[in-house]
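Everything below concerns the one structure shown next.
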Amino acid sequence: MKDVAVIGVGMTKFGELWTKSIKDIFVEAALKAIEDAKVDHIDSMYVGCMSSGLFVGQEHLGAVMADYLGVSPIPSTRVESACASGGMAFRQAYFEVASGNSEIVLAGGVEKMTDGADVTEALATAADQDYEVYQGVTFPGLYAMIANAHMHQYKTTRKQMAAVPVKNHKNGFNNPNAQFRSEISIDKVLSSTLVADPLRLLDCSPVSDGGAAVILCSLDVAKKFTKHPVIIKASTQASDTIALHSRKSLTTLNSVSKAAEKAYKMAGITPKQIDFAEVHDCFSIAEIVVSEDLGFFEKGGGGPAAENGLTALEGGQIPINTSGGLKSKGHPVGATGIAQVIECYEQLTGQAGKRQVKNAKIGMTQNMGGSGASCVINILEAL
Amino acid sequence: MISPKYFREIPQRYRLEAGKCKKCGQVYFPPRLICPECKAQEFENIRLNPEGKLLTYTIIRVGSDIFSLQTPFAVGIIELKDGVRVTAQIADVELDRIKIGMSLKLVFRKIQDEGASGLHCYGYKAIVI
């Protein structure tokens, strides 16, 4: 397998993009990435998208986006793994380049969630329709049950969970592409409206429109385009039962720990060598559990770590979600995994501005689908 | 909920029918075609003991459109005596009385109405014992 690098990135602003269609959003991000990479063509592309069928009534996105990007007849494939669709699209692009099959490949992600669909119902299709959703469970409900179990088992507190969105909003304040560029307080989180006890509105990532794209090529080819390629050290994936209730543990996400184990092995590093991570904070409790399952903190240590600033940009042990995370940056589900890679790229090439992690050499992205039934992890390194 | 899809799930929703692996004894609800533990493909049809304990729960305050008139309602994960875990609403109880570890029992209840056809859809909910 060839070494593979990221040589250019582009994304739209995340938020309620009323005047833009799903096609406009994807093409805008893709054009920015192509321009940033300074490539004159792409050989193949992948489109991560969770549910354009339910959100806007359009499937067949591979062909749709190749057409509107003006690159037909190149191969173009849509990749779906619920909220991990973007991360999975990136991984497929990685393989296509690593195998030598294509030279320059675009990995993109998109979601258009504000066109009027029942978003709660559409997102719930990532859970077990017949044995979870049928009973009335929502996505906040599933993570709320993880939160209650974690609070019961590890004495994680409500205030510790609130520290996650407070920190992520502080980071997102400095991200020009973020949906919410406003700081919030612990009190504001704890007094926001209940969605699914104990989770409140400000524990939850928002409904967003947005697109993101990156350009991959082999390391040899990358050197022709840039002096600062970012190399992909690992790209791994794991799965778990679709229903939360079928898992032996309700407080550990096995897909996350399994994908992480493989990623550390593939990159030949330990969790301590990761300088910063973009993780899937779809809900505050998710960042806490994931920070444990990635090996940054011991089980039960995620809550205290968040509260004590160990995941903060300044003075943290491992800065998590410097982009603002899904909570502040926004969570157009199919685009999220690609946007995480973009934050890593900007950090590793010193372009993150006020969000810059000092001496950032190795970054990680962790993107998951549903209540953790699928997870994809990438480790990237500045060359 | 389209009626053939609903019809197929009746043995599980009305009678808690599960599959017990003939090789390793693991019980699956709903039944499966292959055992993830031992890969055997032969199962005995059994009915679950409806009693169990609450492992975790939440109160749904914002539901999908079809459940929005029922909010707020409680949903939990219940470990039944056969070791099987299910997700079900917790009914007939003051929401602030619900506690992890409490003993519950699955009973037959109406769950939802299918939007377009008006089909009544039944299944199990948990009550306190």
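These figures come from a predicted structure and were not determined experimentally. Reminder, nothing fancy here: chain letters follow the sequence lines and each chain counts from 1.
- Among the candidates A/Ala122, A/Gly136, A/Ala149, A/Ala196, the residue making the largest number of heavy-atom pairs closer than 4.5 Å to chain B is A/Gly136.
- B/Ile60 touches chain A through backbone and side chain together, each having a heavy atom under 4.5 Å away.
- Counting heavy atoms from C-beta on, the side chains of B/Val62 and A/Thr138 never come closer than 4.5 Å.
- Only the side chain of B/Phe73 comes within contact range of chain A, with heavy atoms under 4.5 Å apart.
- At most 12 heavy atoms of other shown residues, nucleotides or ligands fall within 6.0 angstrom of atom NZ in B/Lys105.
- Judged by distance alone, with hydrogens and angles left aside, the side-chain atoms of B/Thr56 form a donor-acceptor pair with the main-chain N or O of A/Met145 at under 3.5 Å.
- With hydrogens and angles disregarded, no donor-acceptor distance shorter than 3.5 Å links the side chain of B/Thr58 to the backbone of A/Ala144.
- Heavy atoms closer than 4.5 Å to chain A are found in the backbone of B/Val86, but not in its side chain.
- The choice from B/Gln70, B/Arg61, B/Gln89 that makes the most heavy-atom pairs within less than 4.5 Å of chain A is B/Arg61.
- Residues B/Arg85 and A/Lys248 share a closest heavy-atom pair of NH1-O, 3.4 Å.
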**Request:** Show your working on side-chain contact (heavy atoms from CB on, under 4.5 Å) between B/Cys121 and A/Tyr134 and close with a plain yes or no.
**Result:** CA-CA 9 Å; B/Cys121 299; A/Tyr134 180 78; 3.2 Å; yes
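- When all heavy atoms of A/Asn148 and B/Ile100 are compared, the closest pair comes out as O-CD1, 3.8 Å.
- Heavy-atom minimum distance, A/Gln135 versus B/Thr87: CG-O, 3.3 Å.
- Between chain A and the residues B/Thr71, B/Leu55, B/Leu95, B/Asp65, the largest count of heavy-atom pairs under 4.5 Å involves B/Asp65.
- Here A/Asp130 does not pair with B/Arg8 in a salt bridge; the nearest charged N to carboxylate O distance is not below 4.0 Å.
- Within 6.0 Å of NZ on A/Lys299 lie more than 12 heavy atoms contributed by other residues, nucleotides or ligands.
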Show your working on side-chain contact (heavy atoms from CB on, under 4.5 Å) between A/Leu194 and B/Ile59 and close with a plain yes or no.
CA-CA 9 Å; A/Leu194 276 165; B/Ile59 315 294; over 6 Å; no
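- The closest side-chain donor-acceptor pair between B/Glu9 and A/Tyr131 falls under 3.5 angstrom.
- Contact annotation for A/Val119: neither backbone nor side-chain heavy atoms come within less than 4.5 Å of a heavy atom of chain B.
- In terms of heavy-atom pairs under 4.5 Å with chain A, the best-connected choice from B/Pro30, B/Pro36, B/Ala74, B/Gly101 is B/Pro30.
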